[in-house]
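None of the values given here were measured: they were computed from a predicted structure. Note on naming: letters A, B, ... go to the chains in the order of the sequence lines (proteins, then strands), and numbering restarts at 1 for each one.
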2 protein chains.
Amino acid sequence: LPPEPTSPPLPVLADVERAAARIAGEAVLTPLLTNPILDRLSGGRVYLKCEMLQRTGSFKFRGAYNALAALDPAVRERGIVAASSGNHAQAVAEAARLFGVAATIVMPADAPSAKRMRTERSGGRVVAYERGSEDREAIAARLVAESGGTMVHPFNDAQVIAGQGTVGLELAAQMAAAGATPDVVLVPCSGGGLSAGVALAVRARFPEAEVYAVEPAGFDDYRRSLAAGTILANPRASGSICDGLLAEAPGAIGFALNRRNLAGALAVADAAALAAVAFAFRELKLVAEPSGAAGLAAILDGALGVAGRTVAVVLSGGNIDAAMMAAALAA
Amino acid sequence: LPPEPTSPPLPVLADVERAAARIAGEAVLTPLLTNPILDRLSGGRVYLKCEMLQRTGSFKFRGAYNALAALDPAVRERGIVAASSGNHAQAVAEAARLFGVAATIVMPADAPSAKRMRTERSGGRVVAYERGSEDREAIAARLVAESGGTMVHPFNDAQVIAGQGTVGLELAAQMAAAGATPDVVLVPCSGGGLSAGVALAVRARFPEAEVYAVEPAGFDDYRRSLAAGTILANPRASGSICDGLLAEAPGAIGFALNRRNLAGALAVADAAALAAVAFAFRELKLVAEPSGAAGLAAILDGALGVAGRTVAVVLSGGNIDAAMMAAALAA
């Protein structure tokens, strides 16, 4: 793998706008919904950006497609490599399929079969590795070296961040069309690519909006990194049901943006994320995964008081299996 | 209860347009979504009108709100009565709450507690009756006589049908905005209020569109009634998981409209409805109830071939409990 850039080229609004033009017609312009029950419960006016309705079931398709679209075609033809067992894997495989190029996804051997199936049905080749004994990064680097392909990082990539920023561009336009001005924007956060793109795009239109990253409790690397002014890692790699929000540490590019643009970071407990999944099922009639419901959880459990405020929440994904949903509905 | 009119006043397009103006700001303008997996599987271009995202979780809010809005305020103040254990109950209670008038809902004593809870939290007063030994219609008639209130029928009511027609008005406008012309429109069907309203509105804009009512297998009163040219009842009152599609027989007003406007009626088996619920969960990330997924089931199980055609499907509701969803995901 190439080393992380020390002076990363930071994406700007024009990159997000270019990404929006590239993904148009392939990505879903996801709806921005409101719900009277949620407004009554929270006392705020809450707008939900529904990225579970995005192609492949999460926002990740935007960044993956934009990253592939931005490549020189001769480079892109040599294929794409990604290391992910989750939403990025499905997104890269589907984007590669649309460009007619090969995608090789390095995935732990114990990844849920549904995630593997969804990657493979988009034509992705899955290379399994043993989580305990093998080094994912080394395997991916070897695949890149062998194939001449391009590694697409899930978050530490300017074009990926620009693609995720289209969530914010749409959200801002949809809120403006509804005559609403966001006081607060809540974005689930792992490596920080989505929050970086969304904050960049939303604050270009609404400079007063406070954008918060929402992390799982115990995996608050972003909160601690923002406080320290430097990138700090999580002490653990697993242990939350928010399996999409467990990146080791903030990515350098997103962190450089987020230091400027975020108002802060909030943490939600697993129980709150599960309760938000259940609320989404019962009241919103939307299928959210725990990671994708983290922003909603921050409202419902009172981590952020929103009474009297206008709040936009990114519901970032809906790839949840039946057992996890059953657990949420039984809690 | 008043007798069903023999020469019912049939709603016309202007009634639907008036309903649209009345419900604006209270009802959700629900999104029309597409899904690449569904298009690949079916070979068609499928547009999904997502009424589970409607206030109270189903399209029923539209008709209920319009019926209440159309009443003389002095009449409306005497309160509303409805007989329903399902989506109409929740819709009438919520519409009455918004108008600040009382709603009394006659509901079987064995109705699911979630449905009762959702009716009561909108301020509806629930009058329970014993399904085996008591006459629901007689109880409702007594409540109307005692209170001077107004009975709002779930489907045999011109203003209710006009309200449901706003689904079709929006769908037609959304398809036109997307540059699409529907060849086929699929609408779940019980008493025929939704299909009557949707067919009226859609065919005003797209006269060539074939609109089909979709019923549960074994409860194909609409298909038989259309074939016979007269209203025929179902032989049974229960026995399908599509609990929202078990009206005894077509309503007179809707049937008079549907005889003109429907291309026909299709039937789907319970297993197909359950499979459609699971598909909506896994692929669309939408929570659909079996009744609400009947139109989608007709596509997925091949009841209607849609290869090469442009199809609009009304997903009419999402009020499903955890046990039914678990059954769908385990099937």
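- When every heavy atom of A/R55 is checked against every heavy atom of B/P36, the shortest pair comes out as NE-CG, 3.5 Å.
- Side-chain atoms of A/K285 come within 3.5 Å of backbone N or O of B/G318 as a donor-acceptor pair.
- More than 12 heavy atoms of other residues, nucleotides or ligands lie within 6.0 Å of CZ in A/R97, so this atom counts as buried by the packing criterion.
- If you measure heavy-atom distances from B/L286 to chain A, the contacts under 4.5 Å come from both the backbone and the side chain.
- Heavy-atom proximity under 4.5 angstrom to chain A picks out nothing from residues 308-316 of chain B.
- In this structure, A/P31 and B/L53 have side chains that are not in contact, with every pair of non-hydrogen atoms separated by 4.5 Å or more.
- In terms of heavy-atom pairs under 4.5 angstrom with chain A, the leader among B/R40, B/E94, B/M52 is B/R40.
- Close approach to chain A, defined as a heavy atom under 4.5 Å from one of its heavy atoms, is seen in no residue of residues 271-280 of chain B.
- Below 4.5 Å, heavy atoms of chain B meet heavy atoms from A/M325, A/L329, all part of residues 324-331 of chain A.
- Using a 4.5 Å cut-off between heavy atoms, B/N319 touches chain A through backbone and side chain atoms alike.
- Of the inter-residue distances, the one linking B/I320 atom CD1 with A/R282 atom CZ reads 12.5 Å to the nearest 0.5 angstrom.
- Under the rule for a side chain to side chain contact (heavy atoms under 4.5 Å, CB included), the partners of A/R121 that lie at least two apart in sequence or sit in another chain are A/M117, A/R118, B/I37, B/E283.
- Residues B/V287 and A/F281 approach most closely at CG2-CD1, 3.7 Å, considering heavy atoms.
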